[in-house]
Number of protein chains: 2
Amino acid sequence: MVTIKDVAKHARVSVATVSRVLNNNGYVGAETRKKVMTAIEELNYSPNEVARSLYKRGSRLIGLLLPDITNPFFPQLARGVEDEAGRHGFRVLLGNSDEDIEKEMDYIQTFVQNNVVGMITATNHVDYDMYQSLDLPLVLLDRTSSSYPAVYADGREGGRLAAETLIKKGAQRVTLVKGPAHVKPAVDRYRGAVEVLGEADVDFSVMSTTSYAFEEALNWAEELFKKFPETDGIIASNDIVGIAIIHEALKRGKNIPEELQIIGYDDIPQSRLSYPPLTTIRQPAYEMGRRAAELLIQRIGQPQQEHRSIQMPVELIERHTTRKDDQE
Amino acid sequence: MVTIKDVAKHARVSVATVSRVLNNNGYVGAETRKKVMTAIEELNYSPNEVARSLYKRGSRLIGLLLPDITNPFFPQLARGVEDEAGRHGFRVLLGNSDEDIEKEMDYIQTFVQNNVVGMITATNHVDYDMYQSLDLPLVLLDRTSSSYPAVYADGREGGRLAAETLIKKGAQRVTLVKGPAHVKPAVDRYRGAVEVLGEADVDFSVMSTTSYAFEEALNWAEELFKKFPETDGIIASNDIVGIAIIHEALKRGKNIPEELQIIGYDDIPQSRLSYPPLTTIRQPAYEMGRRAAELLIQRIGQPQQEHRSIQMPVELIERHTTRKDDQE
DNA sequence: CTGCATTGTGTAACCGGTTACATAGAACAT
DNA sequence: ATGTTCTATGTAACCGGTTACACAATGCAG
């Protein structure tokens, strides 16, 4: 490994001078600068980030904690933060918590041990000691809290929008699929939907599910049709179960959207690929990730700043699992 | 931040002693050990990984370079390596190359700057200087090379298997979708399929595509049916375009699998969710990631070892876009 | 010509760990 | 009793950077 000392020796200057040209601070003579530059070139030197980080007490790393990148909603968030972070010279240390506190704490410890300069986390547990005692810039992503800045989409509004849409399009017996109770955004959108359904002139039932896992999505769908065979409008807890429901409905010979309307949540990329393509409530995932990184980097610059949260708009993406306007 | 010095002071011993109890090496008296342990507890101390890494010239980080975690095949690889790495106390620094050499080189630099102890990479460019001059344990994932150990699935065999299956099930006019030319595994499976199709008594045509992106998948599908409306068997370049093809076929009123059979590649989780569920060639992605991490960690232990590659089996997953055996 | 500010460069302390080496007491062998 | 080995602990060098500080040369004002 070629170190700053090698460069210094090669250029016949001190390490301090090399460091100064690297960081472009302090005084360096034009002549000297050139010598150093060539030495760096010739030795193909690149500074050790670890050493720098030790002295500076801060790396160029950002910790990113997500529930599970295997769920197609999250890779988009991740790319958003990664791309924006990269644009500012930061890199991402990624952790999947699987919504498990143990893992979450482990990762946070790792982040701290590696001197990350900030953290972005999609957690339901900001109120734990672990976070409280952290004195790092921190931004919540896809989650909210009164104590930290956050970037999130309005789940309640999303839930309302889904329910309103279904009602407006003439669904009479709505089934609302409720996501896992320990996942905050899932309950937000559930509540939003219930608010609207409760006020409207429709029958509705709720089916609870306990996970978003692919493997179980088809089971939820099957269970749903067993319990509520007469339903003519389904609000899925997310696009995955939405797509699973399309599958199951088609299997049972239901006509979509004439007999049965379905509306998903998230607008993951594959929801336009289903047939019929899934109507859904879009969360701008990539953009959310990007904004979170932006916010974090801003706070790394001025940590004192009072915190600002960003609520992103949700949006109805009308595809073909809902009817063309069926005004009452 | 609480450092080893604070602990030492608090326990009235030297930093060396604290370090010795932390690492469980050297001699430490029972009494002293206890004192140190309590001090650690009381101060809630956890050692700074950066400092350790500097001295040891090696962190507990592994660099993982993937094309794009937004493509659902890769998150599974990523989880495989992450989980296995975690089991051995390693963490993952993730980079998305987008199959772009610039980005790839940037990430590699970041990895070495951060003293990663090893790298796992899905690259088509192992032969570049960047890699040659690297003296880190390195394993290829989902790619091959004669110079490095690799974990990959047999693409040629997968292509053959897909073609054989379609032929055996009675397809007469096969369309083979060829993936991007610069992605190695894509051309392997293409070649495998061509081998079999060339020998068989069927007509076949090839349609070239230049990306795996979601946004374009439907366009490829549309183009395919325009160019080859009479096809009765399609080998998709991966499951995403497979699913897009199902969509387009259904839209055009084709009966699947009676009129048209489709076979995908990868077995991403969502391919069982399509309707009809997609028959596909499975690559054991999670397991591949896991094995790659395993292999890498092994090599970190004994770097001299001559390198072993692991070829994982591909497997036909018969779902409902192919017919129940239609023996000739 | 003198004094002060500006420019250029080097020396060494520092970041927070690990470990080689020194030192000393205890245990054991002869 | 003495030498040797084992156990226990501390001191200080080291990892590869950054930067405070010291010092010298130069420029410029008065």
Side-chain angles (χ1 to χ4, degrees), chain A residues 1-37 39-40 43-61 89 109-117 135-136, chain B residues 1-37 39-40 43-61 89 109-117 135-136:
Chain A
M1 181 193 254
V2 25
T3 75
I4 199 171
K5 272 182 206 152
D6 302 321
V7 176
K9 201 171 297 173
H10 198 263
R12 301 173 182 287
V13 297
S14 74
V15 294
T17 302
V18 177
S19 178
R20 279 189 283 255
V21 344
L22 282 172
N23 297 287
N24 244 315
N25 59 18
Y27 293 107
V28 181
E31 198 66 1
T32 315
R33 162 165 277 115
K34 195 166 292 174
K35 274 196 305 185
V36 173
M37 296 296 248
I40 290 175
L43 300 180
N44 189 20
Y45 166 75
S46 98
N48 182 322
E49 193 54 42
V50 171
R52 169 183 270 154
S53 157
L54 178 57
Y55 185 89
K56 295 295 207 66
R57 289 199 199 75
S59 61
R60 308 241 53 182
L61 296 177
Q109 199 189 17
T110 302
F111 291 166
V112 174
Q113 289 182 327
N114 284 282
N115 278 3
V116 300
V117 269
D135 71 337
L136 279 177
Chain B
M1 181 193 258
V2 25
T3 75
I4 199 172
K5 271 182 205 150
D6 302 322
V7 176
K9 202 169 297 172
H10 197 263
R12 301 172 184 289
V13 297
S14 74
V15 293
T17 302
V18 176
S19 177
R20 279 189 283 256
V21 346
L22 282 171
N23 296 288
N24 243 316
N25 58 19
Y27 292 108
V28 180
E31 198 64 2
T32 314
R33 162 165 277 116
K34 194 166 292 174
K35 275 196 305 186
V36 173
M37 297 294 251
I40 291 176
L43 300 181
N44 189 19
Y45 165 75
S46 98
N48 182 321
E49 193 54 42
V50 171
R52 170 183 268 152
S53 156
L54 179 57
Y55 185 88
K56 296 293 207 68
R57 287 199 200 74
S59 60
R60 313 257 359 168
L61 296 177
Q109 200 189 19
T110 303
F111 291 166
V112 317
Q113 287 183 328
N114 284 282
N115 278 4
V116 299
V117 270
D135 70 337
L136 280 177

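Proteins come first, then strands; the chains are lettered A, B, ... in the order of their sequence lines, and each starts at number 1.
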Q: Record whether the side chain of A/Arg33 comes under 3.5 Å of the base of C/dG8 through a donor-acceptor pair of N or O atoms.
A: no
Q.
With a cut-off of less than 4.0 Å, is there a side-chain N or O of B/Tyr45 near OP1 or OP2 of C/dG17?
A. yes
Q. Quick one: B/Ile40 CD1 to C/dG17 P, roughly how many Å, whole number?
A. 10 Å
Q: Using only side-chain N and O atoms of B/Arg57, determine if any of them is under 4.0 Å from OP1 or OP2 of D/dG16.
A: yes
Q.
From NZ of A/Lys5 over to C1' of D/dC15, roughly how many Å is that when rounded to an integer?
A. 8 Å
Q. Where each residue is assigned the nucleotide of DNA chain D containing its nearest heavy atom, which of B/Lys56 and B/Glu31 is assigned the position nearer the 5′ end?
A. B/Glu31
Q.
Taking the nucleotide of DNA chain C with the nearest heavy atom to each, does B/Arg20 or B/Ala51 sit closer to the 5' end?
A. B/Ala51
(Q) What's the closest nucleotide to the side chain of B/Asn48 if the choices are D/dG16, C/dG16, C/dG10? (A) C/dG16
**Q.** Residue B/Asp135 excluded, over 12 heavy atoms near CG under 6.0 Å
**A.** no
Q. What's the CE-P distance between A/Met1 and D/dC14, to the nearest Å?
A. 18 Å
Q. Could you go step by step and tell me if B/Thr17 and B/Arg20 meet the side-chain contact (heavy atoms from CB on, under 4.5 Å) rule?
A. CA-CA 5 Å; B/Thr17 302; B/Arg20 279 189 283 256; 3.7 Å; yes
Q: Would you kindly give the CZ-to-C1' distance between B/Arg52 and D/dG16, to the nearest whole Å?
A: 18 Å
Q: Quick one: label A/Ser53 by what it contacts on the DNA or RNA (base, sugar-phosphate, nothing), any heavy atom closer than 4.0 Å.
A: nothing
Q: Select one nucleotide: of C/dG16, D/dT19, C/dT9, the one nearest the side-chain heavy atoms of A/Tyr27.
A: C/dT9
Q) Can a donor-acceptor pair be found between the side chains of B/Arg52 and B/Asn23 at a distance below 3.5 Å? A) yes
Q.
Just the rounded figure in Å: distance from C1' of D/dT18 to CG of A/Leu22.
A. 11 Å
Q: Mind running side-chain contact (heavy atoms from CB on, under 4.5 Å) on A/Val50 and B/Ser59 for me, showing each step along the way?
A: CA-CA 9 Å; A/Val50 171; B/Ser59 60; 5.9 Å; no
Q | Atom pair distance, as rounded to whole Å: CG in A/Asn115 and P in C/dC14 | A | 19 Å
Q: Give a yes or no on this: more than 12 heavy atoms of other residues, nucleotides or ligands lie within 6.0 Å of atom NZ of B/Lys9.
A: no
Q: Starting at atom CG of B/Asn23, determine the distance to atom C1' of C/dA20, rounded to an integer number of angstrom.
A: 15 Å
Q | Selection from C/dG16, C/dT7, C/dC15 that lies nearest to any side-chain heavy atom of A/Tyr55 | A | C/dC15
Q | Presence of A/Thr17 side-chain N/O under 4.0 Å of C/dG10 phosphate oxygens OP1/OP2 | A | yes
Q. Name the one of B/Val117, B/Leu61, B/Val116 that satisfies side chain to side chain contact (heavy atoms under 4.5 Å, CB included) with B/Phe111?
A. B/Val116
**Q.** Sugar-phosphate only, base, or nothing, as touched by B/Val13 at under 4.0 Å among non-hydrogen atoms
**A.** sugar-phosphate
Q: Scan A/Ser19 against the nucleic acid and name what it touches under 4.0 Å (heavy atoms): base, sugar-phosphate only, or nothing.
A: base
**Q.** Interatomic distance, B/Leu54 CG vs C/dT19 P [rounded to whole Å]
**A.** 13 Å
Q: Mind checking A/Thr3 for me? I need base, sugar-phosphate or nothing, with any heavy atom below 4.0 Å counting as a touch.
A: sugar-phosphate
